[in-house]
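Read through the structure below, which is laid out as structure tokens, and then see the notes.
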Amino acid sequence: MGQRHGDPRDAEVSATGLVALVCCDLGAIVRGRSVPASELGERLADGVSWVPANHALTPLGPVADPNPFGSTGDLRLLPDPATRVSVGGDDIVPALEFLLCDIVETDGLAWECCPRTFLRDALAELEAELDVRVMASFEQEFQLMREAPAALPFSLEAQRRAEPFATDVMRALEQAGAEPERFFPEYAPHQFEVPVEVAEGIAGADRCVVVREVVREIARREGMRASFAPLLDPEQAGNGVHIHLNLIDAAGASMLYEAGRPGALSEFGERFAAGILEHARALSALTAPSPVSALRLRPHSWSAGAMCLGQRNRESLLRIPPLVSIDGGDPAGQLHLEYRGADGAANPYIALAAIVRAGLDGVRSEMPAPPILEHDPSQLDAADAERYGVGALPASLEEALQAFAEDEVVRGWMGPLLYDAYVSVKRAELAAAANLDAGELCRRYAAIY
Ligand code: GLU
Ligand code: MG
């Protein structure tokens, strides 16, 4: 372990330090430019320069070739002041300071490929049409890449061996305003999870980016690397990103809960869930979008082995988590849907927007309620699988891109330029992955995410 750093709460954020103005790109890599803190006031007004082709950079390094942008055009990264993150540094490492940005044209109008705008538009459509708002929390797993033998899953030993990193992460996330709830060891070697409080709309997806970057920062400071890659080892469990979402009406009341119905899910909730399942194969091109992602989603890895709605069922793509009634817990405040099919290679704005739009399609089309499956979907015979609507997720990114291309509803959510750019990046990744076996693929992506 590297040199021990001070408590980040004690350190002052330097007025002369650097502040990064960043965006999360199509491959979920956070990129941008830093400015001196003293200049931030001006840059909040006009941003910093950016280039369209940056949005065709692949997570592997090179720019996708071909891509729809070429060498022309100019953009701005325009910071959203509400997203400012400051995690104090010390005398060794300067503070981590960044703001998340919209990507805009040089006149300030939204750029058609900006992921935050893509989510903003989806949320605005949901609100305009149904007067419904989204509360979201991204539950993310990651692994510390350490040589030392791992302690047992979920053990106190694993928790204690993760100190002081664990406590430092919680403090740093609090300082960053990400409202961490817990830190705990997970099943795979050196795997941990840090759930955070739900936040409304874009702030929920912003928080997903903040958690990834703050966890990586604290690991770096302590001489380690934290990887959010979907799968580090083909023989082990992967790192999931489970997107928890609730839908609330204008008064803040749950649109999903209704006592006495199956799963306590309202008719609105059933239709919303049905829309997500209807488009699930195409959605996975946006939520599990790397060449390793499908390997994590195989059955019996407690990720999302099948496309169905389940309750207390960790093999289902969409789950209704349990309602806790101890101590008079309020079920209406707890009930939500958990989409288990996302991972750290997904851009959280695009993933959440796609889930919301799929749900909205289910509500608009009054799709029939998906049955709630209580058992392992892989145990069903063909007739029951049909009855429960259980289908298989795409077995590869290639299949997911095919499903995306064929699902005109999902494809139509993106303008042609964004669609082309997205598919160019993903095709470039597939080409680079073509000759790698599962182990090599995992190693390559572990080094990126
Ligand atoms: N590691 C599992 C996944 O890849 C999730 C396990 C759990 O938290 O239920 O999604
Ligand atoms: Mg977990």
Side-chain angles (χ1 to χ4, degrees), residues 28 136-145 150-155 158-159 162 166 169-170 180-198 208 211-212 215 226-245 276 280 283-284 286-322 324 336-346 348 351 355 373-378 392-395 397 400 438 441-442 445-446 449:
S137 171
F138 290 66
E139 174 196 333
Q140 309 199 69
E141 294 169 332
F142 61 91
Q143 280 165 280
L144 290 175
M145 301 182 70
L152 292 171
F154 312 110
S155 65
Q159 174 79 42
V169 161
M170 293 301 272
E181 289 179 318
R182 282 173 250 299
F183 183 108
F184 59 89
E186 254 282 355
Y187 189 71
H190 305 296
Q191 187 181 41
F192 303 95
E193 179 173 319
V194 189
V196 292
E197 280 284 348
V198 295
C208 170
V211 168
R212 289 178 190 171
V215 166
S227 176
F228 289 78
L231 191 66
L232 296 200
D233 178 341
E235 305 302 317
Q236 302 280 356
N239 296 309
V241 173
H242 300 177
I243 303 178
H244 294 257
L245 74 165
I276 295 170
L283 285 185
S284 68
L286 305 172
T287 61
S290 77
V292 274
S293 295
L295 297 176
R296 170 187 150 249
L297 295 172
R298 65 207 185 284
H300 296 145
S301 47
W302 287 24
S303 50
M307 290 189 306
C308 57
L309 175 63
Q311 195 172 22
R312 301 169 179 243
N313 185 341
R314 289 180 178 76
E315 281 293 304
S316 48
L317 176 67
L318 208 53
R319 184 173 86 116
I320 306 171
V324 179
H336 64 276
L337 291 170
E338 177 187 12
Y339 177 92
R340 300 174 61 83
D343 66 42
I355 291 168
L373 186 64
E374 295 281 9
H375 24 260
D376 180 349
S378 69
L393 282 163
L397 177 57
L441 209 49
C442 286
Y445 276 82
Y449 292 105

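Just so you know, ligand 1 is whichever comes first in the structure, and atom 1 is the first atom listed for that ligand.
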Would you name the N/O/S atom of [X] that lies closest to the Mg ion (ligand 2)?
X    : value
E186 : OE2
E193 : OE1
E141 : OE2

Practice task
Please state whether the separation between the Mg ion (ligand 2) and some N/O/S atom of E139 is under 2.8 Å?
Solution key: no
Would you check the N or O atoms of [X], main chain and side chain alike, for any that come under 3.5 Å of an N or O of ligand 1?
X    : result
E186 : yes
R340 : yes
E141 : yes
H242 : yes

Any donor and acceptor pair, going by atom type alone, linking the side chain of [X] with main-chain N or O of [Y] inside 3.5 Å?
X    : Y    : answer
Q191 : G238 : yes
R296 : S293 : no
R340 : L297 : no
R314 : S301 : no

Practice task
Taking the side chain as every heavy atom from C-beta outward, state whether D343 and P289 have any atom pair closer than 4.5 Å.
Solution key: yes
Practice task
Answer whether the closest heavy-atom distance between the side chains of L232 and M145 falls below 4.5 Å.
Solution key: yes
Problem - Parallel, tilted or perpendicular, as decided by the 30° and 60° cut-offs, for the rings of F142 and F228 - result: tilted
Handout entry: Geometric class of the H242/H244 ring pair [parallel <30°, tilted 30-60°, perpendicular >60°]
Key = tilted
Ligand 1 atoms in contact with [X] (distance to a heavy atom under 4.0 Å):
X    : value
S303 : 3 (C), 4 (O), 10 (O)
G238 : 1 (N), 4 (O)
R314 : 9 (O)
G240 : 3 (C), 4 (O), 10 (O)

Practice task
Measure centre to centre between the rings of F154 and F184, then say whether the value is under 6.0 Å.
Solution key: no
Problem - Minimum-distance protein heavy atom relative to atom 4 (O) of ligand 1 - result: R296 NE, 2.7 Å
